[in-house]
Participant: 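What follows is a single structure, and I will ask about it in a moment.
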Amino acid sequence: MMFPASFASLRRKSAKISGAITLAVGLMIGAAAQAEPIRGAGSTLAAPIIGKWATAYESARADGGDYVSPDWKVDYEIVGSLAGVLRLDQPDIDFAATDAPINAAELGKAGRQQFPIVMGAIAVVVNLDGIGPGSLRLTGPVLADIYLGKIQSWSDPAIKAVNPDLTLPDLRISVVHRKDGSGSTFVFTEYLSAVSGEWKAKYGANTLISWPLGTDAEGTQNLIQTVHDTKGAIAYAESGQAQRANLAYALIENKSGKFVKPEPEGVQAAATSIDWAQTTDFFASLTDRNGDAAYPISTAVFAVVQVSGRSEHRYRRVHDLFRLAFAHGADDAAALGYVPLPKALVARIEQLLGKAGAGRKLSGRARPLLRAAPELKFISRRDGGLLGTA
């Protein structure tokens, strides 16, 4: 049967439209089927704030809608800094969070980038009757001698000398430390290495230490519980987690001879003593910094993002997560006891994220994330793809 030319033309157009709709639906289904969560692993210190940011990210990307793509979720394994970095070798992990920064040579060899995401303090915590938060004072050399086993009692003259107004018990000191590879261990032993030549020569700074004495604890929660259960215990833990667990913390003497609390002001003072513009890949230590207000066992948590061997869509999602955190997550960090990054440092990180992948052809869904903006504005999309910024 012959159809009029106009009718045949209409039929061809309808077929094209139908095919386009079928293709679009197929692409949407395919995108949804391939969508996977952002996967990270590492620092126990950073776990509470990463969990908070993950919830905020999913909510912001859903933009009030009922549909939540797996692309907008974050799966974070709390395995410690060392294990987190090791997990980056696995093809399904997108980023690691570590309290021990990685040097430029190692980053370049592995095809990774690094930037700080939040700062905090490592508190020295104790379980002593009648000793509340901030009552006990400890110097670096005394703390090192406790962990070396040279000071074994709370009534030792060296401890009494810096605490003349305290009544300290004649009780054996029970040293507690992390068993697993931990960024907190790295920061703490980096500090001990800075204040004790003997510690530096024998043990140094590392995420995993062959401790000369003490009780092992796997993870921060087990460490905190061990301190709770042990009279005379001493340990180290992220300040916010220690304070939420109602553990008494010590004041630590800094390089200026001041005894400082593990609080945000001390961490900020340590951070501002660093010229971040002179660092490579933000590689810097916050421990034992100069300044009257600087808390000497301060740290930053770093995100290490796998770029080489990952699709651009995957590492841009990680950028997207932390750009949202920088723009809107500072209050959440402060509420949990962390110290948000200074604005000038955030600006430098934004430059890094904007340069990542420069010179490569960007996919349509990744391209919008390169737009540097002081505030992220979310574009609602329901097709399972990554949202861009406006």
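Owing to the predicted nature of the structure, the values given are computational and were not obtained by experimental measurement.
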Participant: With a 3.5 Å cut-off and no angle check, do the side chains of D99 and S43 form a donor-acceptor pair?
Facilitator: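 Judged by distance alone, the side chains do pair up.
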Participant: Between Q114 (side chain only) and P116 (backbone N and O only), is there a donor and an acceptor less than 3.5 Å apart?
Facilitator: no
Participant: Given 3.5 Å as the limit, does a donor-acceptor pair link the side chain of Q241 with the main chain of T44, or not?
Facilitator: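 Present.
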Participant: With rounding to the nearest 0.5 angstrom, report the CZ to CG distance, R87 to D94.
Facilitator: 14.0 Å
Participant: For the atom pair OH (Y249) and CD1 (I131), what is the distance rounded to the nearest 0.5 Å?
Facilitator: 13.5 Å
Participant: Rounded at 0.5 Å granularity, tell me how far OG in S81 sits from CZ in F186.
Facilitator: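 Going from the OG atom of S81 to the CZ atom of F186 covers 10.0 Å.
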Participant: Can you check whether G219's main-chain N or O pairs, donor with acceptor, with D180's side chain at less than 3.5 Å?
Facilitator: yes
Participant: Within a reach of under 6.0 Å around NZ of K160, are more than 12 heavy atoms found that belong to other residues, nucleotides or ligands?
Facilitator: no
Participant: Could you tell me whether a side-chain N or O of Q90 sits under 3.5 Å from a main-chain N or O of I93, the two making a donor and an acceptor?
Facilitator: no
Participant: Short question: side chain of R61, backbone of K73 - any donor-acceptor pair under 3.5 Å?
Facilitator: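 Absent.
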Participant: On the 0 to 90° scale, with breaks at 30° and 60°, tag the Y147-W199 ring pair as parallel, tilted or perpendicular.
Facilitator: perpendicular
Participant: Tell me whether the count of non-hydrogen atoms from other residues, nucleotides or ligands lying under 6.0 Å of CG in D331 goes above 12.
Facilitator: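 No, not enclosed.
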Participant: So, H313 versus R316: side-chain donor-acceptor pair below 3.5 Å or not?
Facilitator: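 R316 and H313 do not have a side-chain donor-acceptor pair below 3.5 Å.
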Participant: For I117, which of V301, V346, I49 qualifies under side-chain contact (heavy atoms from CB on, under 4.5 Å)?
Facilitator: V301
Participant: Could you walk me through whether D229 and Q225 pass side-chain hydrogen bond (donor to acceptor under 3.5 Å, both in side chains), step by step?
Facilitator: CA-CA 6 Å; D229 295 342; Q225 189 60 52; 3.0 Å; yes
Participant: To the nearest 0.5 Å, tell me how far L143 CG sits from Y236 OH.
Facilitator: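 Nearest 0.5 Å value for the CG-OH distance: 11.0 Å.
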Participant: Quick one: are the ring centres of F95 and Y315 less than 6.0 Å apart?
Facilitator: no
Participant: Going by atom types alone, do Y338 and D332 pair a side-chain donor with an acceptor below 3.5 Å?
Facilitator: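 The criterion, which ignores hydrogens and geometry beyond distance, is not satisfied for D332 and Y338.
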Participant: Look at the side chain of S59 and the backbone N and O of T55, then say whether any donor-acceptor pair between them is shorter than 3.5 Å.
Facilitator: no
Participant: Using distance alone, with no hydrogens and no angle criterion, decide if H319 and E350 have a side-chain donor and acceptor under 3.5 Å apart.
Facilitator: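 No, because no side-chain N or O of H319 sits under 3.5 Å from a partner of the opposite role on E350.
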Participant: Tell me if the NZ atom of K255 is crowded by more than 12 foreign heavy atoms within 6.0 Å.
Facilitator: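 Buried by this count: over 12 neighbours within 6.0 Å.
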Participant: Measure the spacing between CD of E263 and OH of Y295 and express it to the nearest 0.5 Å.
Facilitator: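 Atom-to-atom, E263:CD and Y295:OH are 10.0 Å apart.
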Participant: One thing to verify: whether E253 and R137 come together as a salt bridge, which I'm taking to mean a side-chain N less than 4.0 angstrom from a carboxylate O.
Facilitator: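 No, no charged N to carboxylate O under 4.0 Å.
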Participant: Nearest 0.5 Å, please: how far is CG in N206 from OG in S182?
Facilitator: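 Reported value, rounded in 0.5 Å steps: 11.0 Å.
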Participant: I'd like to know if the side chain of T189 and the backbone of L192 have a donor-acceptor N/O pair within less than 3.5 Å.
Facilitator: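 Not a single qualifying donor-acceptor pair exists.
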Participant: Using the side-chain contact (heavy atoms from CB on, under 4.5 Å) definition, which of the options F115, F302, F282 pairs with P101?
Facilitator: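 Exactly one pass, corresponding to F302.
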Participant: Are E198 and K150 within salt-bridge range, i.e. N to O under 4.0 Å?
Facilitator: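 So E198 pairs with K150 through a salt bridge.
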Participant: Which pair of non-hydrogen atoms, one from L286 and one from R289, has the smallest distance, and what is that distance?
Facilitator: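 The answer is O-CG, 3.1 Å.
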Participant: Could you check whether H228 and N127, counting side-chain N and O atoms only, form a donor-acceptor pair closer than 3.5 Å?
Facilitator: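 No, no side-chain donor-acceptor pair sits under 3.5 Å.
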Participant: Cut-off 3.5 Å, side chains only: do Q243 and S239 have a donor facing an acceptor?
Facilitator: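 Their side chains do contain a donor-acceptor pair, which is all the 3.5 Å distance test asks for.
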Participant: Between N254 (side chain) and D288 (backbone), is there a donor-acceptor pair under 3.5 Å?
Facilitator: no
Participant: Just do the side-chain hydrogen bond (donor to acceptor under 3.5 Å, both in side chains) check on T207 and R178 with the steps written out, would you?
Facilitator: CA-CA 9 Å; T207 54; R178 288 282 290 274; over 6 Å; no
Participant: Can E106 and N103 be counted as having a side-chain donor-acceptor contact under 3.5 angstrom?
Facilitator: yes
